[in-house]
Amino acid sequence: MSKTMVLIPRISEKSYGLSQLRNTYVFQVPVDVNRTQVTQAVEAQFEVTVTGIKIMNVKGKVKRTVRKGGRPVMGKRVDIKKAYVTLKDGDTLPIFATLDKPEVAEPKPDQQKRGKK
């Protein structure tokens, strides 16, 4: 199951900061897996060494919408499980890698502001 488990990276400002400061990466994993299975999957898929793992269950939010006629309808988002995976010093994942300098597109000559004639 380790090679076939779907690990969805959670890319946000918080997870990017954790990856830069603490070498910790955040993944969304299936709700029926445990720490050992996640550790084996990360080590098998990315060929890195896992030193620690923390798992968090996130309950789906209850949302309310109003239909035509004023009748409220309640719905619920899906429950998810997040895994915070800490890697050995020196190991990194290419998913969260950044460029040193982001490329900025130069404006074309016809798109530049023109002065008064």
Side-chain angles (χ1 to χ4, degrees):
M1 181 175 177
S2 62
K3 284 264 186 183
T4 60
M5 183 187 304
V6 178
L7 299 171
I8 303 169
R10 303 281 296 188
I11 300 175
S12 65
E13 290 180 15
K14 180 179 178 181
S15 63
Y16 177 74
L18 286 173
S19 68
Q20 297 298 313
L21 295 176
R22 297 184 184 158
N23 206 19
T24 300
Y25 298 90
V26 184
F27 295 98
Q28 180 177 334
V29 295
V31 293
D32 59 343
V33 299
N34 58 25
R35 293 173 192 232
T36 307
Q37 294 169 337
V38 174
T39 302
Q40 291 171 354
V42 170
E43 288 178 347
Q45 289 180 17
F46 298 107
E47 298 176 359
V48 293
T49 304
V50 175
T51 59
I53 187 164
K54 293 184 180 183
I55 291 186
M56 174 195 302
N57 289 312
V58 180
K59 299 286 185 183
K61 290 183 178 180
V62 176
K63 291 293 187 176
R64 179 176 174 259
T65 59
V66 180
R67 290 189 157 201
K68 288 185 178 178
R71 184 171 60 115
V73 177
M74 300 299 283
K76 182 178 177 283
R77 291 187 181 167
V78 180
D79 297 339
I80 63 169
K81 184 180 269 193
K82 291 195 293 188
Y84 289 81
V85 180
T86 304
L87 302 180
K88 182 180 78 172
D89 290 338
D91 286 348
T92 59
L93 297 182
I95 297 170
F96 295 89
T98 62
L99 299 172
D100 292 335
K101 287 187 177 181
E103 294 183 22
V104 178
E106 294 293 325
K108 294 180 180 177
D110 60 333
Q111 293 177 346
Q112 292 177 350
K113 293 183 180 179
R114 297 182 183 171
K116 292 183 180 179
K117 291 183 181 181

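Values below: all heavy atoms of this structure, side chains included; hydrogens, waters and symmetry mates excluded.
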Practice problem: Mind jotting down which residue pairs meet the salt bridge (charged side-chain N to carboxylate O under 4.0 Å, His left out) criterion with at least one end in residues 55-69? Sequence neighbours excluded, please. | Solution: none
Quiz item: Looking at CG of Asn34 and CD of Gln40, how far apart are the two atoms once the value is rounded to the nearest 0.5 Å?
Solution: 8.5 Å
Exercise. Kindly write out the residues that satisfy salt bridge (charged side-chain N to carboxylate O under 4.0 Å, His left out) with Lys76, not counting sequence neighbours, or none if the list is empty.
Key: Asp79
Self-check item: Student check: side-chain heavy atoms of Tyr25 and Leu7 closer than 4.5 Å
Solution: no
Quiz item: Given side chains that start at C-beta, do those of Leu18 and Tyr84 come closer than 4.5 Å, heavy atoms only?
Solution: yes
Exercise. State which residues pass side chain to side chain donor-acceptor pair (under 3.5 Å) with Ser12; sequence neighbours excluded, sorted by chain then number.
Key: Ser15
Quiz item: Quick one: NZ on Lys54 to CZ on Arg35, what's the gap to the nearest 0.5 Å?
Solution: 8.5 Å
Quiz prompt | Approximate separation, where rounding is to 0.5 Å, of Thr51 OG1 and Leu87 CG | solution = 6.5 Å
Quiz prompt | Qualifying residue, where the test is side-chain contact (heavy atoms from CB on, under 4.5 Å) with Phe46 and the options are Ile95, Thr92, Asp91, Val85 | solution = Ile95
Exercise. Would you please test Val42 and Val48 for side-chain contact (heavy atoms from CB on, under 4.5 Å) and show each step?
Key: CA-CA 7 Å; Val42 170; Val48 293; 4.0 Å; yes
Quiz item: Considering all heavy atoms of both residues, which atom of Pro72 and which atom of Gly70 are nearest to each other, and what is their separation?
Solution: CD-O, 3.3 Å
Quiz item: Going from CD on Gln45 to OG1 on Thr4, what distance comes out if it is rounded to the nearest 0.5 angstrom?
Solution: 8.0 Å
Quiz item: Do you know which two heavy atoms are closest between Asn23 and Gly90, and how far apart they sit?
Solution: ND2-N, 4.5 Å
Quiz item: Side chains of Val66 and Val73: closer than 4.5 Å at any heavy-atom pair?
Solution: no
Quiz prompt | Which residues share a side chain to side chain donor-acceptor pair (under 3.5 Å) with Arg10, sequence neighbours left out | solution = Gln28
Self-check item: Path from Ile80 to Met5 over hydrophobic side-chain contacts below 4.5 Å
Solution: no
Quiz item: Are Ile11 and Val29 connected in a single hydrophobic cluster, I mean Ile/Leu/Val/Met/Phe/Trp/Tyr linked by side-chain heavy atoms less than 4.5 Å apart?
Solution: yes
Practice problem: Not counting sequence neighbours, which residues clear salt bridge (charged side-chain N to carboxylate O under 4.0 Å, His left out) with Asp89? List them please. | Solution: none
Quiz item: Taking only residues two or more places apart in sequence, or in another chain, which ones meet Thr24 in a side chain to side chain donor-acceptor pair (under 3.5 Å)?
Solution: Thr86
Exercise. Give the cluster check for Val50 versus Val26: same hydrophobic cluster or not, with ILVMFWY residues linked at side-chain heavy-atom distances below 4.5 Å.
Key: no
